[in-house]
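Numbers restart at 1 for each chain; the letters A, B, ... are given by sequence-line order, proteins then strands.
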Amino acid sequence: MTVRTRFAPSPTGFLHIGGVRTALFNWLLARKHGGQFILRIDDTDVERNRPEALQPILEGFRWLGLSWDEGPEVGGPYAPYFQSQRLELYRRVARQLVQAGHAYPCLATKEELDAERRAAEAARQPYIHRGRLRDLPAHEAMAVLDSRQAAIRLRVPLGQTLALQDCIRGPVSWQTDLIGDPILVRADGRAVYNFATVVDDLEMKITHVVRAEEHLSNTPVQVLIYRALNASLPVFAHVPVVTEPGSRKKLSKRDMKKFVTAEVRARLHALGWTDEEIDSREDLNPAGIAYYRELGYLPAALVNYLGRLGWSLDEKSEIIPLDTMIAHFSLERVNNSPASFDPDKLYWLAGEYMRMLPLDEKVNGVVPYLVRAGLIAEEPDADTLARVRRVVVACGDRLKLFSDILLYGAFFFRDPWYDPQAVAKRLAKDGIPTLLRDFASVLRTVEPFAAQTLEASLQDYCQSRGCKTGDLIHALRVATTGVTVGPGLYDCLEILGRDETLRRIAMALQRPEIR
RNA sequence: GCCCCCAUCGUCUAGCGGCCCAGGACAUGGCCCUCUCAAGGCCAAGACGGGGGUUCGAGUCCCCCUGGGGGCACCA
């Protein structure tokens with residue numbers, strides 16, 4: 001039997017980290033067993049659907065490399081993969097259930113039901129709805145269905161215990177008496193999630209239903225539907241929810257905006273985003289995928305992080321290559337308590353993955369950021385690319401995200417932006433400008449103008465002059481880069497070259513703070 | 001209110017009765033390295049929610065309590 005899993009987002013908002021993690025588990029399970037991973041769009045709730053939400057979801061999956069074997073844009077043997085296009089199927093199946101006596105029409109209005117629910121609440125009683133036509137004989141029920149616009153409800157069998165083995169939770173059970181007769185098809189003919197899901201999972205031959213724990217309470221209803229359809233159950237696995245950093249509440253796509261903190265805004269501003277752009281992008285925040293893509297996180301790092309969130313390979317592995325993850329993934333090793341999303345650990349992983357990335361790919365990843373910042377031309381020539389490469393090498397492990405290139409390497413591509421504090425601390429001090437001016441004359445003749453010889457000559461110079469190397473080094477750094485942090489000084493000078501280095505030193509010495 | 005689930009360092013986790021006075025990782029603090037910032041190395045601090053059982057022995061099994069979470073729609 002081939003394993004078939006699915007992820008079924010509803011396009012009512014943007015995918016968050018938790019949703020992606022659930023999708024990843026589905027994907028891993030399918031890949032591990034050489035099965036299929038299906039993407040299905042659960043969009044039966046047309047009023048709440050937002051067509052513009054679909055593309056970002058698909059793009060997110062593509063970016064992460066979570067390929068789907070069947071679904072939007074790729075089709076498949078059970079197309080269409082949009083529930084909104086399968087309503088006829090659900091209606092047909094629901095009618096069959098009525099005919100078989102497992103379901104019945106319901107004429108209650110929304111107002112009546114609301115009143116019932118409120119009354120139950122007021123009486124502090126659980127609300128368990130049983131329709132008035134529940135016990136109508138099947139042929140009469142069909143007659144009602146044909147003559148009136150009626151919703152269809154499942155007739156929940158009374159007095160039973162539903163027990164099943166969840167792959168992650170273990171044995172779980174429910175009393176059917178406590179389950180109200182659920183709506184299968186709305187009065188307007190549109191199926192409801194619980195029903196459409198079962199019909200589709202059955203038709204699409206889904207073998208493993210891996211979904212978030214918030215769906216656990218939907219499971220008894222769905223089990224009842226499977227039974228009514230005389231179908232065998234898939235394997236159920238309810239993965240714990242992902243909670244917000246700092247709270248124990250599950251991540252929700254409704255208020256992702258609250259993750260747009262001042263710090264997040266500052267980061268995005270640094271990349272050239274305006275507040276208007278940030279505010280118009282709902283998924284551009286630390287709970288969404290787009291944020292990490294924009295900042296230049298490596299997708300492999302995100303996948304690794306998400307895979308380790310609630311799952312472990314063994315007692316110590318943190319960095320787990322995707323093929324290892326696929327080879328060893330199992331639902332049995334999925335943890336069963338909620339996991340809190342930790343941006344710090346993700347950031348650390350991003351750095352680890354960046355370190356492992358081949359140089360060429362680092363250069364390729366960094367170029368778009370330099371282009372967008374207007375530091376290099378859109379189609380950089382070979383010389384520029386060679387220079388970018390040298391800068392990337394100089395940045396070394398400082399580069400954790402592609403966007404870090406702007407943090408550590410921008411000054412290689414434009415004049416330094418002199419940080420007043422840095423100038424005050426490292427340049428505008430007694431004797432320093434003179435020292436700098438004097439050493440500049442040494443720099444004029446250093447041969448070759450390379451890191452090693454530069455270092456040697458600076459050491460010699462300081463020794464013969466009896467000055468502290470630190471003073472000169474810091475002064476040089478600020479004079480040539482404008483800031484106090486960055487790659488090794490000698491690497492910086494070498495990349496800048498003799499002429500540019502001298503020009504920058506002269507420029508720095510012209511500053512008003514210095515005389 | 002009712003139903004269901006969960007419970008190891010701040011966080012992610014290992015642990016499936018003795019290998020655990022609980023291991024790893026992120027974060028934190030200190031030291032080393034060092035031209036800054038990273039990275040790296042070393043060290044430190046830090047957890048089995050509580051109470052009952054079962055057992056020669058319990059983080060591990062059972063029960064209760066407490067705490068947390070999820071769900072109770074003609075939403076998904």
Side-chain angles (χ1 to χ4, degrees), chain A residues 8-13 42-45 47-48 83 106 108-110 113-114 117 120-129 151-153 166 168-170 172-175 178-180 182-188 190-194 196-197 212-220 238 240-241 243 245-246 248-250 305 308-319 332 335-349 351 355 395-400 404 407-408 422 426 455 458 469-478 481 483-490 492:
Chain A
S10 69
T12 54
D42 282 10
D43 55 353
T44 53
D45 191 1
E47 288 111 56
R48 303 202 323 171
Q83 290 192 327
C106 180
T109 63
K110 183 110 174 75
L113 295 171
D114 284 347
R117 185 168 31 248
E121 261 166 42
R124 308 182 116 207
Q125 293 291 313
Y127 171 61
I128 300 166
H129 182 83
I152 301 176
R153 274 185 201 274
D166 186 283
I168 294 170
R169 319 236 74 92
V172 281
S173 62
W174 301 266
Q175 298 299 319
L178 271 5
I179 303 168
I183 289 283
L184 266 23
V185 176
R186 301 167 168 101
D188 66 7
R190 286 153 46 222
V192 137
Y193 164 77
N194 266 140
T197 294
E213 196 201 298
E214 63 205 81
H215 288 283
L216 189 58
S217 52
N218 284 320
T219 306
H238 288 90
V241 297
T243 63
R248 305 255 52 158
K249 302 234 187 296
K250 78 161 181 168
Y305 177 75
R308 271 288 283 110
L309 195 60
W311 174 83
S312 61
L313 173 63
D314 53 34
E315 55 284 332
K316 47 188 56 165
S317 300
E318 297 292 343
I319 297 166
E332 284 71 30
N335 214 75
N336 45 8
S337 49
S340 166
F341 173 63
D342 179 6
D344 285 342
K345 190 156 183 176
L346 170 56
Y347 181 68
W348 167 76
L349 264 173
R355 195 148 49 138
C395 285
D397 292 344
R398 291 170 190 82
L399 204 71
K400 293 177 163 187
D404 284 342
L407 208 59
Y408 295 115
R426 298 300 189 185
E455 177 164 14
L458 185 138
T469 53
D471 283 348
L472 183 52
I473 287 170
H474 289 128
L476 266 173
R477 173 183 294 286
V478 173
T481 73
V483 290
T484 56
V485 304
L489 177 70
Y490 307 112
C492 288

Starting from [atom2] on [N], measure out to [atom1] on [X] and report it in whole angstrom.
X      : N      : atom1 : atom2 : answer
A:L489 : B:rU36 : CG    : P     : 11 Å
A:W348 : B:rG24 : CH2   : P     : 14 Å
A:K400 : B:rG40 : NZ    : C1'   : 12 Å

Nucleotide nearest [X] when distance is taken to its side chain, options [options]:
X      : options                : value
A:A339 : B:rA38, B:rC74, B:rU13 : B:rU13
A:R124 : B:rC74, B:rA76, B:rG1  : B:rG1
A:L309 : B:rC12, B:rU36, B:rA25 : B:rC12
A:E214 : B:rU36, B:rA39, B:rG71 : B:rG71

So which heavy atom on [X] is nearest to which on [Y], and how close?
X      : Y      : result
A:R153 : A:L184 : C-CD2, 4.2 Å
A:Y408 : A:R398 : CE1-O, 3.3 Å
A:K400 : A:D397 : CG-O, 4.1 Å
A:T484 : A:R477 : O-CD, 3.3 Å

Less than 4.0 angstrom between a side-chain N/O of [X] and OP1 or OP2 of [N], yes or no?
X      : N      : result
A:N335 : B:rA14 : yes
A:R248 : B:rU11 : yes
A:T469 : B:rC35 : no
A:R117 : B:rC74 : yes
A:R153 : B:rC74 : yes
A:T44  : B:rA76 : yes

Q. Taking the C1' atom of each, how far is B:rC48 from B:rU8, in whole Å?
A.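 Comparing C1' positions in B:rC48 and B:rU8 gives a spacing of 4 Å.
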
Q: Provide the distance between the two P atoms, one in B:rC42 and one in B:rC21, to the nearest whole Å.
A: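 Looking at atom P only, B:rC42 and B:rC21 are 24 Å apart.
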
Looking at [N], which nucleotide sits across from it as a Watson-Crick or G-U wobble partner, both distances under 3.5 angstrom, or is there none?
N      : value
B:rA22 : none
B:rG1  : B:rC72
B:rG67 : B:rC6
B:rU36 : none
B:rA44 : B:rU28

Could a donor-acceptor pair under 3.5 angstrom be found where the side chain of [X] meets the base of [N]?
X      : N      : value
A:N218 : B:rA76 : yes
A:R398 : B:rC37 : yes
A:E213 : B:rG71 : no
A:K345 : B:rA25 : yes

Q) More 5' along RNA chain B: A:S217 or A:H474, using each one's nearest nucleotide? A) A:H474

Q. With nearest nucleotides of RNA chain B determined for A:K249 and A:T243 from heavy-atom distances, which residue corresponds to the more 5′ nucleotide?
A. A:T243

Q: For A:Y347, enumerate each residue passing the ring pair (Phe, Tyr, Trp, His ring centres under 6.0 Å) test, keeping only those at least two apart in sequence or located in another chain.
A: none

Q: Give me the ring orientation class for A:F341 and A:Y305: parallel if the planes are under 30° apart, tilted from 30 to 60°, perpendicular past 60°.
A: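 Because their plane-to-plane angle is over 60°, the rings of A:F341 and A:Y305 count as perpendicular.
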
